[in-house]
Amino acid sequence: MKILVIGAGAMGCLFAGRLKAQQADVLLYNRYNPHIEQINQSGLVIVERDDKETTIPLKVVQAVSKEDGYDVVLVLVKAHANKAVLEPMRDSFSPDALLITMQNGLGNLETIKEFFPNNPSAAGTMGCGASVESDGRILHRGWGKNYIGPVEEAAAQEKLLDFIALLNRSGLQTDLADDVQTVIWNKLFVNLAYNSLTALTRLRNGDILNTDEGQDLLRNVVREAAQVAERIGVTVDAEQTIANCLRMGREDIAANKSSMLMDVLHKRKTEIDAINGAVAKLGKRHGVETPYNDLITGIIKVIEANYDLQVD
């Protein structure tokens with residue numbers, strides 16, 4: 001199985017590195033930058049839970065074509081980069097290449113279907129977490145389970161099951177999800193709970209819960225999203241979902257720096273439109289008030305638009 005991972009951020013590196021360590025035929029795709037140069041020159045360093053370091057030789061490419069013959073294409077760029085990254089690749093994969101999105105937020109599978117209508121595609125979520133510590137070096141700091149939804153075509157489904165088995169052998173626990181929409185929303189709730197709040201406060205995930213005020217913010221953001229999900233037909237137990245988000249922040253992802261926090265710290269565009277912004281947009285469309293998500297989305301957009309004016 002030949003695998004292309006699109007996006008060499010923390011999660012792309014984690015997945016590609018773990019797969020490569022299992023002797024999988026895997027390449028990373030990313031625009032050129034110092035992080036990529038370091039990986040190509042010296043390999044990728046993954047720092048695990050016990051601070052054990054593994055260096056994995058990986059190749060990062062800046063061009064792909066049909067002749068490369070990829071069986072699985074795993075899309076892990078930031079949601080806001082989908083159009084810029086994927087549109088130029090419209091003719092780069094054979095019709096039987098399986099495209100999988102495990103990106104944060106809503107709408108990613110729809111974008112892939114738009115650009116690659118003749119390819120089988122699937123959506124999933126990641127329960128694990130990672131962050132880039134320095135060029136060529138990532139910290140593995142979340143160990144939850146990943147899920148990927150099924151595909152209709154028999155050959156593509158068999159390929160998907162082989163890919164899931166490979167992920168499990170690599171140590172990235174992954175299951176096939178029957179109800180992928182519920183899984184995507186469950187992951188969205190966690191992203192809502194921590195990404196924007198950590199970006200605004202510049203705290204690690206678990207530190208959001210150090211105060212009653214932080215816990216109350218989390219509850220209100222997630223409760224609004226649960227109301228939106230119910231309105232569009234996704235069954236949600238709001239209080240159980242909030243309890244699960246709190247538990248994860250205390251036990252599973254406490255030490256992790258969220259991707260949105262890292263984007264703000266490095267003055268990059270965030271995924272706010274696919275996370276809190278997506279909830280606010282759906283809320284307006286379906287008549288659900290989302291004042292907390294509206295406000296948070298607006299503040300993050302103000303920050304993004306004024307990085308060069310920030311006071312040190």
Side-chain angles (χ1 to χ4, degrees), residues 1 3-30 33-60 72 74-78 100 102-104 124-148 163-175 187 190-191 193-195 198 203-209 244-245 247-263 265-266:
M1 178 181 289
I3 301 165
L4 177 70
V5 179
I6 300 178
M11 299 311 302
C13 284
L14 177 64
F15 272 66
R18 283 295 196 90
L19 289 168
K20 184 69 173 181
Q22 291 297 307
Q23 311 305 313
D25 186 358
V26 58
L27 290 175
L28 270 166
Y29 171 92
N30 205 86
N33 58 36
H35 176 57
I36 299 317
E37 182 179 17
Q38 182 66 28
I39 293 171
N40 277 334
Q41 287 184 353
S42 305
L44 170 71
V45 178
I46 301 179
V47 183
E48 294 291 351
R49 191 197 307 249
D50 56 2
D51 290 330
K52 179 182 177 181
E53 297 184 10
T54 304
T55 300
I56 301 159
L58 267 178
K59 183 178 181 182
V60 190
V72 172
L74 178 60
V75 181
L76 290 178
V77 294
K78 297 293 179 65
I100 302 171
M102 298 179 74
Q103 298 159 282
N104 288 334
T125 62
M126 294 180 294
C128 50
S131 59
V132 177
E133 184 183 45
S134 58
D135 290 341
R137 182 183 176 89
I138 66 166
L139 306 177
H140 186 187
R141 290 295 183 263
W143 296 271
K145 185 176 287 188
N146 311 301
Y147 294 92
I148 306 175
F163 180 65
I164 288 173
L166 181 58
L167 288 175
N168 281 306
R169 289 198 298 275
S170 78
L172 297 171
Q173 232 186 334
T174 307
D175 279 352
K187 176 60 185 296
V190 179
N191 285 332
Y194 293 102
N195 274 346
T198 58
L203 294 173
R204 295 176 189 269
N205 289 342
D207 292 332
I208 289 296
L209 308 179
N244 185 56
C245 288
R247 181 197 61 76
M248 289 186 67
R250 294 183 178 112
E251 299 176 10
D252 298 335
I253 57 173
N256 199 41
K257 299 175 186 176
S258 79
S259 58
M260 196 176 294
L261 168 61
M262 298 307 294
D263 287 338
L265 291 176
H266 291 94

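Side chains included, hydrogens not; waters and symmetry mates left out as well; all remaining heavy atoms used.
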> Where do Met11 and Gln103 land on the side chain to side chain contact (heavy atoms under 4.5 Å, CB included) test, with the steps shown first?
Replying inline: CA-CA 9 Å; Met11 299 311 302; Gln103 298 159 282; over 6 Å; no
To the nearest 0.5 Å, tell me how far [X] [atom1] sits from [Y] [atom2].
X: Leu44; Y: Thr55; atom1: CG; atom2: OG1; answer: 8.0 Å
X: Leu166; Y: Thr174; atom1: CG; atom2: OG1; answer: 9.5 Å
X: Asn146; Y: Ile148; atom1: CG; atom2: CD1; answer: 7.5 Å
X: Phe163; Y: Asn168; atom1: CZ; atom2: CG; answer: 10.5 Å
X: Ser42; Y: Leu58; atom1: OG; atom2: CG; answer: 12.5 Å
X: Asp51; Y: Arg49; atom1: CG; atom2: CZ; answer: 11.5 Å

Measure from the side-chain N and O atoms of [X] to the backbone N and O of [Y], and report whether any donor-acceptor pair falls under 3.5 Å.
X: Tyr194; Y: Cys245; value: yes
X: Asn256; Y: Gly129; value: no
X: Asn40; Y: Val60; value: yes

If you look at every heavy atom in [X] and [Y], which pair is closest and at what distance?
X: Met262; Y: Val132; answer: CE-O, 4.1 Å
X: Ser131; Y: Lys257; answer: CB-O, 4.2 Å
X: Ser258; Y: Asn205; answer: CB-OD1, 3.7 Å
X: Asn195; Y: Thr198; answer: O-OG1, 2.9 Å

> Who are the side chain to side chain donor-acceptor pair (under 3.5 Å) partners of Gln173, not counting sequence neighbours?
Replying inline: none
Are the side chains of [X] and [Y] in touch, meaning some heavy atoms are under 4.5 Å apart?
X: Met1; Y: Asp25; answer: no
X: Leu28; Y: Lys59; answer: no
X: Ile46; Y: Glu53; answer: no
X: Met126; Y: Lys187; answer: yes

> When you look at Arg247 and Asp252, which way does the side chain to side chain contact (heavy atoms under 4.5 Å, CB included) test go after all the steps?
Replying inline: CA-CA 8 Å; Arg247 181 197 61 76; Asp252 298 335; 2.9 Å; yes
>> Determine whether Val5 and Val26 satisfy the following criterion, side chain to side chain contact (heavy atoms under 4.5 Å, CB included), listing intermediate values before the conclusion.
In response: CA-CA 7 Å; Val5 179; Val26 58; 4.0 Å; yes
> Can Glu133 and Ile138 be said to form a side chain to side chain contact (heavy atoms under 4.5 Å, CB included), step by step?
Replying inline: CA-CA 5 Å; Glu133 184 183 45; Ile138 66 166; over 6 Å; no
Scan the side chains in residues 13-23 for donor-acceptor partners under 3.5 Å anywhere in the protein, sequence neighbours excluded, and list what turns up.
| from | atom 1 | to | atom 2 | distance (Å) |
| --- | --- | --- | --- | --- |
| Arg18 | NE | Glu48 | OE2 | 3.1 |
| Arg18 | NH1 | Ser170 | O | 2.7 |
| Arg18 | NH2 | Glu48 | OE1 | 3.2 |
| Arg18 | NH2 | Glu48 | OE2 | 3.0 |
| Arg18 | NH2 | His140 | ND1 | 3.4 |
| Gln22 | NE2 | Arg169 | O | 3.4 |

